[in-house]
Amino acid sequence: MSFHSLARFDPSVRLALRALCSAHAGPVDLDLGRGECIAIVGESGSGKSVLLRMIADLIPNEGTVLLDGAQRASWTAPAWRSMVVYQAAEPAWWDATARAHLPASEQKRAQALADALKLRAAALDTDLELLSTGERQRLALIRSLACRPRVLLLDEPASALDAASTAALEALLRSELERGTSVLVVTHSEEQAERLGQRCLRMASGRLEVA
Ligand SMILES: Nc1ncnc2c1ncn2[C@@H]1O[C@H](COP(=O)(O)OP(=O)(O)OP(=O)(O)O)[C@@H](O)[C@H]1O
């Protein structure tokens, strides 16, 4: 039986990677379960961000990526990136406020998420250039969740947050995991990796190993 059919017939696997590689990382084989969080740690420059960007298909890559048993190629790139959402370590913005990035259907929920993340009431409507790095980081998570993704690929989502904001963000991620969302989170904090990850893997020279 091939890797492809193994993944297809295991309904607990949300995202399956087989021999995924690019010029700067891989090959990587990985199964991420439904509602599972895998934390990825590793030295700077080891290939953690490259891995997330390969999965999101933002850089040239080879190998197999399956979502709920279906090949990534079955979706258009925009459809793929709304189901498998990549949140960069330094997220890009193209409108003045975070709210302007959100569809009308998600506006009410966004306010509730902002409250859960301990953002001040006006944060969604404030010019992004006037917000702190930590405020923008939490707003980026709200934008990511507005896609209602099946998989979240988070690159250092709490790097600019204080302890209380980090705890709020982790609590929100836990509730997303309970709803069945799957999460791959890159972090430089071994403590955060232990708190969030059901499994913790280490990236070393572009290869994943058990941490
Ligand atoms: N487009 C590119 N051209 C050349 N080198 C690249 C490119 N993209 C990534 N690399 C290299 O691949 C390696 C892995 O980069 P990556 O950003 O994945 O590291 P990282 O583990 O996320 O590091 P950090 O923890 O510092 O964010 C680095 O040496 C980087 O310079």
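In listed order, ligands and their atoms are each counted from 1. Because the structure is a prediction, the values reported are computed rather than measured.
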Check the side chains of [Y] and [X] for a donor-acceptor pair under 3.5 angstrom, ignoring hydrogens and angles.
| X | Y | result |
| --- | --- | --- |
| Thr187 | Gln192 | yes |
| Thr64 | Gln71 | no |
| Ser49 | Asp155 | yes |

Suppose we measure from [atom] to each protein heavy atom; which comes out shortest, and what is that distance?
| atom | result |
| --- | --- |
| atom 8 (N) of ligand 1 | His24 CD2, 3.9 Å |
| atom 9 (C) of ligand 1 | Val50 CG2, 3.6 Å |
| atom 22 (O) of ligand 1 | Ser49 OG, 2.7 Å |
| atom 21 (O) of ligand 1 | Lys48 NZ, 2.8 Å |
| atom 29 (O) of ligand 1 | Gly45 O, 3.8 Å |
| atom 24 (P) of ligand 1 | Ser44 OG, 3.6 Å |
| atom 27 (O) of ligand 1 | Glu156 OE2, 3.7 Å |

Between [X] and [Y], is there a side-chain N and carboxylate O pair less than 4.0 Å apart?
| X | Y | answer |
| --- | --- | --- |
| Glu156 | Lys48 | no |
| Glu135 | Arg120 | yes |
| Arg174 | Glu178 | no |

Short version for Glu43: what comes under 4.0 Å of ligand 1, heavy atoms counted, is backbone

Close approach, His188 and ligand 1, non-hydrogen under 4.0 angstrom: yes

Tell me, please: is Gly42 in heavy-atom contact with ligand 1, that is, under 4.0 Å? no

Ring-plane angle category for Trp93 and His101, please: parallel below 30°, perpendicular beyond 60°, tilted otherwise. perpendicular

Can you tell if the side chain of Arg148 reaches within under 4.5 Å of the side chain of Glu106, non-hydrogen atoms only? yes

Is atom 31 (O) of ligand 1 less than 4.0 angstrom from some protein heavy atom? no

